[in-house]
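Notes follow once the structure below has been shown.
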Amino acid sequence: MARKDLLDIASLHREEIEFLLDQSTSFKKLFTRSVKKIPALEGKSVLMLFYEASTRTHSSFEVAAKRLSAEVTNFNVDHSSITKGESVRETIETLQAMRTDYIVVRHSHSGLPGMIARQTTAAVINAGDGAHEHPTQALLDAFTIKEKFPDPRGKKVLIIGDILHSRVARSTSTLLQKLGVEVAYLGPGSLVPKYVPASIPRFTDYEAAMAWGPDVVYLLRVQLERQDVQFFPSVREYHRVYGITTARLAEIRDRGLYIMHPGPVNRGVELCDAVMDYERSLITNQVENGISVRMAVLDWLTPGGDFPKQEAYAAQPRAGSPVIMP
């Protein structure tokens with residue numbers, strides 16, 4: 001099924017997810033076998049519209065686009081008319097006049113990529129919007145897990161940390177469940193939403209969560225910049241109660257569990273330094289897989305035309321209305 005935009009995970013069918021993961025495998029094989037560039041998007045243009053700072057996501061999309069032979073333009077928000085009071089709609093009208101084919105959007109307001117998608121014929125990709133969604137992160141997470149578990153059905157992933165403010169938790173848990181993976185949340189009561197889908201167990205105690213029997217432990221970054229109040233006493237206390245300490249890493253190693261983290265890592269908060277050298281840490285794999293997954297997404301979407309609307313996303317609040325997990 002053709003799509004113009006990738007705005008969320010909720011509206012994707014399992015067949016579409018499987019297709020993107022299969023394509024990601026093909027693209028990864030290409031650039032790991034010395035084929036660094038293919039002409040799939042030759043003559044096309046990709047606009048990077050990042051209202052929030054990002055290193056991993058931004059650079060991953062840029063590399064992916066260039067490997068598909070697309071032209072990449074970085075829109076510098078700090079030096080644009082936005083700083084003079086120009087609205088997002090006015091900005092998009094200006095950018096639309098440039099006839100760009102793809103727009104990769106990252107913004108602190110939930111729903112803004114969807115608003116942009118409704119105003120342009122360009123294919124719009126949500127690279128993270130507020131506490132709402134981060135679909136390509138979810139896809140690369142699933143791709144990374146499938147590399148270790150080709151049939152992930154029945155596997156268990158424990159997501160630990162700041163669930164409340166995490167667009168990664170929202171998107172990744174939704175996608176993994178569509179693939180038949182069991183998901184559970186662990187974190188301070190103040191950072192795990194009271195209302196979560198009945199299919200997702202909610203833990204506030206580390207030992208109880210580990211007794212659930214996860215195959216993968218997924219640490220979320222503690223997003224201090226999104227917290228307008230103090231949700232826990234201190235980062236030291238958070239690390240002691242919910243982080244992967246040296247002692248907990250030894251237990252994880254004995255049980256043969258995998259560790260994931262979307263980055264950037266707050267060392268000494270979510271995990272101890274030794275995790276970075278742990279043989280079953282998939283953090284580096286996630287970074288590498290982001291390129292092939294985003295190549296697959298760019299290659300899949302088709303700018304312009306009359307494509308089915310993503311109804312699940314369209315029902316979400318517009319920009320300026322924060323979305324709370326879940």
Side-chain angles (χ1 to χ4, degrees), residues 3-9 12 16-17 20-21 23-28 30-32 35-78 80 88 91-92 95 98-108 112-114 116-117 120 122-130 132-144 167-168 171-172 175 221 262-264 283-303 313:
R3 282 185 184 261
K4 182 177 85 73
D5 312 302
L6 176 61
L7 302 175
D8 68 347
I9 291 298
L12 291 182
E16 293 174 304
I17 294 169
L20 286 170
L21 296 179
Q23 289 296 95
S24 299
T25 300
S26 299
F27 280 121
K28 185 171 183 178
L30 276 177
F31 71 75
T32 55
V35 180
K36 300 301 182 184
K37 195 171 184 179
I38 60 174
L41 295 186
E42 190 170 8
K44 301 294 184 180
S45 58
V46 177
L47 176 69
M48 308 291 288
L49 187 61
F50 277 56
Y51 291 83
E52 281 187 327
S54 167
T55 299
R56 286 167 176 77
T57 303
H58 187 287
S59 59
S60 181
F61 266 113
E62 186 167 358
V63 171
K66 289 180 177 178
R67 285 185 174 175
L68 293 171
S69 301
E71 295 182 6
V72 178
T73 301
N74 289 291
F75 186 80
N76 192 326
V77 174
D78 291 337
S80 73
V88 172
T91 299
I92 296 306
L95 299 175
M98 299 178 184
R99 305 298 182 187
T100 189
D101 298 294
Y102 300 83
I103 301 176
V104 182
V105 187
R106 189 182 186 96
H107 201 281
S108 60
L112 189 131
I116 293 174
T120 177
V124 175
I125 302 172
N126 181 1
D129 62 332
H132 181 210
E133 285 258 15
H134 197 344
T136 58
Q137 178 69 47
L139 286 164
L140 74 88
D141 288 340
F143 181 50
T144 301
R167 55 196 174 204
V168 173
S171 294
T172 295
L175 191 150
R221 182 174 68 87
I283 299 172
T284 301
N285 304 62
Q286 288 172 272
V287 175
E288 180 183 24
N289 289 340
I291 297 173
S292 53
V293 164
R294 285 159 180 143
M295 288 175 72
V297 168
L298 285 165
D299 185 60
W300 176 55
L301 297 177
T302 304
Y313 192 96

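Values below: all heavy atoms of this structure, side chains included; hydrogens, waters and symmetry mates excluded.
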Please check this pair: side chain of [X] against backbone of [Y], looking for a donor-acceptor N/O pair closer than 3.5 Å.
X    : Y    : result
T57  : S54  : no
D101 : S45  : yes
S292 : K28  : no
S24  : A296 : no
K4   : A122 : yes
N126 : G128 : yes
S69  : I38  : yes
N289 : N285 : yes

Do the non-hydrogen side-chain atoms of [X] and [Y] ever get within less than 4.5 Å of each other?
X    : Y    : answer
N74  : H58  : yes
L41  : L298 : yes
K37  : K66  : no
Y102 : L47  : no
V104 : V124 : no
T32  : E288 : yes
V72  : F61  : no
V105 : L112 : yes

Check against side-chain contact (heavy atoms from CB on, under 4.5 Å), E133 and L7: CA-CA 8 Å; E133 285 258 15; L7 302 175; over 6 Å; no
Whether R106 and E52 form a salt bridge (side-chain N of Lys/Arg under 4.0 Å from carboxylate O of Asp/Glu) is what I want to check.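 Looking at E52 and R106, the cut-off is met.
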Should the pair E16-R3 be classified as a salt bridge under the 4.0 Å nitrogen-to-oxygen rule?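 Between R3 and E16 there is a salt bridge, with a charged N closer than 4.0 Å to a carboxylate O.
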Where do [X] and [Y] come nearest, in terms of heavy atoms and distance?
X    : Y    : result
L139 : L21  : O-CD2, 3.6 Å
G290 : L140 : CA-CD2, 3.8 Å
T120 : I116 : CG2-O, 3.0 Å
S171 : P135 : OG-N, 3.9 Å
S60  : R294 : OG-NH1, 3.0 Å

Relative to F31, does R67 satisfy both conditions: NZ or CZ under 6.0 angstrom from the six-membered ring centre, and within 45 degrees of the ring's axis?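 Checked: cation-pi criterion met.
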With rounding to the nearest 0.5 angstrom, report the [atom1] to [atom2] distance, [X] to [Y].
X    : Y    : atom1 : atom2 : answer
T73  : E62  : OG1   : CD    : 9.5 Å
Q286 : T144 : CD    : OG1   : 5.0 Å
H132 : S108 : NE2   : OG    : 14.0 Å
F143 : T136 : CZ    : OG1   : 13.5 Å
L175 : H134 : CG    : NE2   : 13.0 Å

Evaluate the criterion side-chain contact (heavy atoms from CB on, under 4.5 Å) for residue pair Q137 and R167; output intermediate values, then yes/no. CA-CA 9 Å; Q137 178 69 47; R167 55 196 174 204; over 6 Å; no
What's the verdict on side-chain contact (heavy atoms from CB on, under 4.5 Å) for L12 and L6, showing C-alpha distance, side-chain angles and the deciding distance? CA-CA 9 Å; L12 291 182; L6 176 61; 3.9 Å; yes
Could you check L301 against I125 for side-chain contact (heavy atoms from CB on, under 4.5 Å), going step by step and ending with a plain yes or no? CA-CA 9 Å; L301 297 177; I125 302 172; 3.5 Å; yes
